[in-house]
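A quick write-up on the structure given underneath.
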There are 2 protein chains.
Amino acid sequence: MLCAPPDYAESHVADTDHPFAGLVSRLEANQTLSREDREALLHLPNKLRQLDPGTYIVREGDRPRACGVLISGFAYRQKVTGDGARQIIGLHVPGEALDFQNLFLEVSDHNVQMLTRGEIAEVPIEAFQKIALERPNVGRAILVTTLVEASVFREWVLNIGRRDSRSRLAHLLCEFALRLEAGGAARPDHGYELPMTQEQLADATGLTPVHVNRVLKMLEAEGLIVRNRRHISFPDWHRLRDVGDFNQRYLHVRDRATNGVF
Amino acid sequence: MLCAPPDYAESHVADTDHPFAGLVSRLEANQTLSREDREALLHLPNKLRQLDPGTYIVREGDRPRACGVLISGFAYRQKVTGDGARQIIGLHVPGEALDFQNLFLEVSDHNVQMLTRGEIAEVPIEAFQKIALERPNVGRAILVTTLVEASVFREWVLNIGRRDSRSRLAHLLCEFALRLEAGGAARPDHGYELPMTQEQLADATGLTPVHVNRVLKMLEAEGLIVRNRRHISFPDWHRLRDVGDFNQRYLHVRDRATNGVF
DNA sequence: CGCAGGATTGATTGCATTCAACGACCGTGG
DNA sequence: CCACGGTCGTTGAATGCAATCAATCCTGCG
């Protein structure tokens, strides 16, 4: 990031303060953007909204008029079976767009909800579509981002379908660590504030809250995690990665600096 | 082969016989294409190959040079855990491209394999990329197709994470029926030749082959399915759909003719 | 015929669920 | 300040669904 303008400096938009700075830098991780592309993204019309935990951003069956971009806090995707069992399908960290689906599909097939309190920017879908269609780089960045998301879904299918509860949870903790890191947060082995209740962890792993509790205690007893309230850290990141059968390839991060190190 | 110049009209390619006719009609289901778009697609350079069941089309870790389009037969996506458990992640029916991921991501994150004997057309990725980038409609069609695929992955996460074995299998059978139908095959309630062994069904549902066998017998005893060798039909499609908690919304089919009927 | 892959069945085991209760923490309001 | 209620986390006991282990059967095929 911080690609200084080639022509003249136009710093009336301070990149790091701008609500879309995170979005732009995430898109740039997947696809080179020109200065004009960046400017266009930063000038997307939007309305900022502060949302409480549990607030729905999209509901299954909706025809959304706006595409939300997560500015701060965390969000998750979720579907529910006919008899009310909930499955969390994906997590989102700040800087990620929550609704690329709905730019090009009419009816939403799942729910998106805030996990914590946080801020989102709502961009009218027409404006986002326009920039995606008129600016090849942006269109391609969106496509690549979508492809990476699909890869994450595939890994979740594997995780839930074929790993036991211990590996499943370890894997989820690893993924979250890496996703946070990719956004510029701390190194994965330094731990983080896990924004999920045990019930939500259960919904993300296809387990029950009770069992999640037991498995977390097991991981703790093994010295694989240390918990202090919601804060979680990893005394032996390497071993946790092994237990979780975690290989970051599916995240398609291109950052050479940390690629494969953790 | 088949790289005839695009300048003047060329109807020597009979649409319905052409190997890419299925691909084009599937893309058109998601996005309007101009005549030129169609022609460009039909003239993509490609090499036809007849493949036996189990043949790998892409391997995890590969950097594919070609994008496979399934002309006949069936294929599936698959990942394996560190200790060798396999999870089938998706199925493909004729006319579908198997590798949009690898047009824009460098390293494949999963395996793609033939399920049955069948034919694929290998298109050099540069040619496919070119058409995707230069023809907005084609690019958009690929994006939409990718978004629908992602939606299917999400439904699989739900299916495997939160439904019991009976619903899981019923759901899979329903999905396959609809996917076949979307390609122009028979109506879902008329049954089809299921191209999967019970072991593969197990890998697709996160179960064991033995349990799949028992559940199939259970479904049969309930009168929800009738089996004759690999042929399977559905005496009570509506009830099977209920048992499988199946709602086709996630497939994002736009065909008004059958939408919601089955 | 005999072999191999797939399907079927039975017996047993075990991981995760379910049911139920209790405990810890936090914000709120009297 | 403390009592209170609610959410979340923890623990125990019993249950159950699906896995595992182990044969056997079937069928197409060389």
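The sequence lines fix the lettering, A, B, ..., with proteins before strands; numbering per chain opens at 1.
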Fill in: Pair B:H110, B:E60: side-chain N/O donor-acceptor within cut-off below 3.5 Å
no

Discussion item. Working to the nearest 0.5 angstrom, can you tell me the gap between A:N247 CG and A:C174 SG?
Written reply: 11.0 Å

Discussion item. Nearest whole Å is fine: how far is D:dC8 C1' from A:L216 CG?
Written reply: 13 Å

Worksheet item: Between A:E96 and A:R179, does at least one N-O distance fall below 4.0 Å, as a salt bridge requires?
Response: yes

Worksheet item: Which one, D:dA18, D:dG28, D:dG9, comes nearest to the side chain of B:R229?
Response: D:dG28

Fill in: Start and end of the DNA chain C segment that chain A contacts, any atom under 4.0 Å from a heavy atom
C:dA16 to C:dC26

Worksheet item: Hey, is CD on B:E119 packed in by over 12 heavy atoms from elsewhere, all under 6.0 Å?
Response: yes

Fill in: Crowding at CD, A:E199 (>12 non-hydrogen neighbours, <6.0 Å)
no

Discussion item. Nearest whole Å is fine: how far is D:dA18 P from B:K217 NZ?
Written reply: 18 Å

Worksheet item: Taking atom P of D:dA18 as reference, at what distance in whole Å does atom CG of A:L207 sit?
Response: 14 Å

Discussion item. On DNA chain C, does the nearest nucleotide to B:R214 precede the nearest nucleotide to A:R214 from the 5' side, or the other way round? Give the residue.
Written reply: B:R214

Worksheet entry | Interatomic spacing from OG1 in A:T208 to CZ in A:R214 - rounded to 0.5 Å | 8.0 Å

Response to the item:
A:Q198 CD to D:dT10 C1', in whole Å, measures 8 Å

Worksheet item: Can you check whether B:F74's main-chain N or O pairs, donor with acceptor, with B:T116's side chain at less than 3.5 Å?
Response: yes

Discussion item. So A:R227, base contact, sugar-phosphate only, or nothing? Heavy-atom distance under 4.0 Å.
Written reply: sugar-phosphate

Discussion item. Short of 4.0 Å, heavy atom to strand atom, which residues of residues 156-167 of chain B count as contacting DNA chain C?
Written reply: none

Worksheet entry | Candidates A:T55, A:L48, A:I57 - the one meeting side chain to side chain contact (heavy atoms under 4.5 Å, CB included) with A:I120 | A:I57

Worksheet item: Quick one: do B:K217 and B:E222 make a salt bridge, cutoff under 4.0 Å?
Response: no

Fill in: Most 5' of B:H211 and A:E199 on DNA chain D, judged by nearest nucleotide
A:E199

Item to complete: Could you tell me whether A:R168 contacts a base, only the sugar-phosphate backbone, or nothing, with contacts defined as non-hydrogen atoms closer than 4.0 Å?
Response: nothing

Item to complete: For B:D83 and D:dA19, give me the distance from atom CG to atom P, rounded to whole Å.
Response: 15 Å

Practice prompt. Please state whether the phosphate of D:dG9, meaning OP1 or OP2, lies under 4.0 angstrom from any side-chain nitrogen or oxygen of A:N213.
Written response: no

Fill in: Spacing between B:M218 atom CE and D:dA18 atom C1', to the nearest angstrom
11 Å

